[in-house]
There are 2 protein chains.
Amino acid sequence: MPGNIQSIERAATILRLLSGRNRRLGVVDIAGEMGLPKGTVHGLLRTLQSVGFVEQDEDSGKYQLGAALLHMGSSYLDGNELRTRALNWSDSLATRTREAVRIGTLHEEQVLVVHHVFRPDDTLQSLDVGSLLPAHATALGKVLLAHHPYVASALAAERLESYTPATITDAARLERELARVRAQGWAADIGELVPGQVSYAAPIVDRRGMTVGAMGIFGPPERLLAARQPRPDLLAYVREGARAVSRELGAIPW
Amino acid sequence: MPGNIQSIERAATILRLLSGRNRRLGVVDIAGEMGLPKGTVHGLLRTLQSVGFVEQDEDSGKYQLGAALLHMGSSYLDGNELRTRALNWSDSLATRTREAVRIGTLHEEQVLVVHHVFRPDDTLQSLDVGSLLPAHATALGKVLLAHHPYVASALAAERLESYTPATITDAARLERELARVRAQGWAADIGELVPGQVSYAAPIVDRRGMTVGAMGIFGPPERLLAARQPRPDLLAYVREGARAVSRELGAIPW
DNA sequence: AGATGTGTTCGACAATGTCAAACTGAGTTG
DNA sequence: CAACTCAGTTTGACATTGTCGAACACATCT
């Protein structure tokens, strides 16, 4: 592809840096990270600030993400067909299973959470729409990887980070797991990302037959497991829900 | 300020267009709107697509916002000090009042919702974090405008849009209302944005004494009004909550 | 004071992105 | 079914545009 606009790519790199680990960075930090002169970085930041994508902390002079991004993120959600079509079904899944529901899609080899329904009780829960979860350590991610072999192999080529003793870190083992997911039509994660947290998920397919997302539930093993295995009743709810959303998206009604 | 980077400003304009009314636009739509040749717009879009800020619908060829923005929006929230410090207090305000709580800040003459706690019951509610509310027709907005006279006069110079018969559309009347808000330290909106919806709010002040946000509750008049006036008990909770957050932000503990 | 660390400004240079015109392909229309 | 229209896309010459590195201003340490 000939001719991508340099300054926009650089601006995007800056925003990505600012949305990473350290959300406050100075001009020199960014310049160092990108290998650019600080004058150049300053110009980019000044423009990003004038359009509201970046804000400068008055005390420290450091830069952080700006408020305009929040509104754009929520606008993205409004236009996202997957989420819009899934709204009703995810609510009903949460009600039926009495667990929290998440819908995710693949983004840069990770799972981007596009919808989250709280577990229907009064306990405090934090919303993780917009979060990026590791694909190889979540049920949502396994479902998505299973149907995106190219992404899966790209991910497996890197080091699979370990989060708990149960995390799959071996590429070959991941490949076998994904084959099983493909065959059975659902995935489970038993404490592979967070100890004492279990999740299941099933694929959401669009009108072209592409797996465009995954929907699933997560919660503690006491409620989600029976004899160390996923509970068939809950699993059925999850699979039915995902199938319903797929139908809504125009997939062949099967 | 000499030298803002043209292509970044243009890219931001495109994103703003895509986050507006029509979330799917074609190259010619955008080019027409911006008064640029379509080749130029195409180049900008191609770059925005390669960095994930924009996606292209395969069927229609039209462009829409991209998933990267969702993650950046949520990263913005994580780094937002106002929201972080307000988390606990907003929860407790929702519990005490048994109503939904919103925290907002001023963004481009509108109220950007940075936090939202659902009303503590099981009814379905939709999250409006990231939404932009009109400032002159909400309690949050009035509180913010009252302490940002420059923004208030800029807003009043335009036409104040009417949403219900109760919306304040007269600049002079808005100014009087804001003076009262300043004097009494809180604001109310009685069906001025949505018929049958009432909201109150109080200011959140930072360590420099600047009003950086507002926190308030909203709900139906049956619960929020007594004799057509804000209920003193609920109002006191709101004001105490906002004061607590202000203290948390380092405002002089008064 | 001096030294180092910020973020910021400046102006010359040429690399960079812009523009208009030409291209492609889908969908319509006579 | 060819001609037309409208979409998105590609192209290459041109000069506008953004880049760079050095100098600046202002802190905060030593």
Side-chain angles (χ1 to χ4, degrees), chain A residues 1-18 20-66 79 81 207-208 250, chain B residues 1-18 20-66 79 81 207-208 250:
Chain A
M1 57 184 101
N4 260 7
I5 295 172
Q6 188 188 52
S7 51
I8 294 182
E9 287 185 327
R10 288 178 171 178
T13 305
I14 290 178
L15 294 177
R16 231 177 294 132
L17 285 174
L18 287 174
R21 278 267 151 253
N22 311 305
R23 49 276 190 123
R24 276 192 196 175
L25 295 173
V27 173
V28 289
D29 303 325
I30 297 172
E33 200 80 39
M34 298 176 66
L36 289 176
K38 52 180 185 167
T40 305
V41 170
H42 178 74
L44 293 162
L45 282 168
R46 181 181 42 204
T47 308
L48 285 171
Q49 181 175 25
S50 81
V51 298
F53 286 15
V54 143
E55 289 167 4
Q56 186 173 25
D57 185 64
E58 293 207 5
D59 298 335
S60 64
K62 295 200 182 297
Y63 289 88
Q64 54 192 310
L65 294 181
E81 195 180 357
R207 70 187 72 84
R208 281 185 294 266
Chain B
M1 58 185 100
N4 260 8
I5 295 172
Q6 189 189 50
S7 51
I8 295 182
E9 287 185 327
R10 288 177 169 178
T13 305
I14 290 179
L15 293 177
R16 230 176 295 132
L17 285 173
L18 288 173
R21 279 267 152 252
N22 311 305
R23 49 277 191 125
R24 277 193 194 174
L25 295 172
V27 174
V28 289
D29 302 326
I30 298 173
E33 200 80 40
M34 298 176 66
L36 288 176
K38 51 179 186 169
T40 305
V41 170
H42 178 74
L44 293 163
L45 282 168
R46 181 180 42 204
T47 308
L48 284 171
Q49 181 175 26
S50 82
V51 298
F53 285 16
V54 144
E55 289 167 3
Q56 186 173 26
D57 185 65
E58 293 206 4
D59 298 334
S60 64
K62 295 200 183 294
Y63 290 89
Q64 54 192 309
L65 293 182
E81 194 181 358
R207 70 187 72 84
R208 282 185 294 266

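Lettering of chains follows the sequences in order, A, B, ..., and the numbering in each one begins at 1.
- Relative to the side chain of Val27(B), the nucleotides dC19(C), dT9(D), dT9(C) differ in distance, and dT9(D) lies closest.
- When all heavy atoms are compared, the tightest approach of Val54(A) to Tyr63(A) is CG1-CD2, 3.5 Å.
- Taking CD of Glu81(B) as the reference point, atom CG of Asp57(A) lies at 8.0 Å (rounded to 0.5 Å).
- In terms of polar N and O atoms assigned as donor or acceptor, the side chain of Lys38(B) comes within less than 3.5 Å of the base of dG8(D) in a complementary pairing.
- In this entry the distance linking CD1 of Ile5(A) with P of dT17(D) reads 13 Å, nearest Å.
- Taking side-chain N and O atoms only, His42(B) has no distance below 4.0 Å to OP1 or OP2 of dG8(D).
- Distance noted for atom C1' between dA15(C) and dG12(D): 16 Å (whole Å).
- Considering only side-chain N and O atoms, Gln56(B) lies nowhere under 4.0 angstrom from the phosphate OP1 or OP2 of dG8(D).
- In this structure, Arg46(A) places its CZ atom 6 Å from P of dT9(C), rounding to the nearest Å.
- Going from atom CG of Leu25(B) over to atom P of dA7(D) covers 13 Å, rounded to whole Å.
- In the set dG8(D), dC20(D), dT9(D), dC20(D) carries the atom at the smallest distance from any side-chain atom of Arg10(A).
- At least one side-chain nitrogen or oxygen of Thr40(A) sits closer than 4.0 Å to the OP1 or OP2 atom of dC20(D).
- For Tyr63(A) and dT6(C), the shortest distance from a side-chain N or O to OP1 or OP2 is not below 4.0 Å.
- Heavy-atom nearest nucleotides on DNA chain C were determined for Ile8(A) and for Gly26(A), and the one closer to the 5' end corresponds to Gly26(A).
- A straight line from CD of Gln49(A) to P of dT9(C) spans 11 Å, rounded to a whole angstrom.
- Going from atom CD of Gln6(A) over to atom P of dT18(C) covers 12 Å, rounded to whole Å.
- Note: CD1 (Ile14(A)) to P (dG7(C)) measures 13 Å, nearest angstrom.
- Of the candidates dT6(C), dT16(C), dT9(C), dT6(C) carries the atom nearest the Val28(A) side chain, counting heavy atoms from C-beta on.
- Side-chain proximity of Pro37(A) to dG21(D), dG18(D), dT10(D): nearest is dG21(D).
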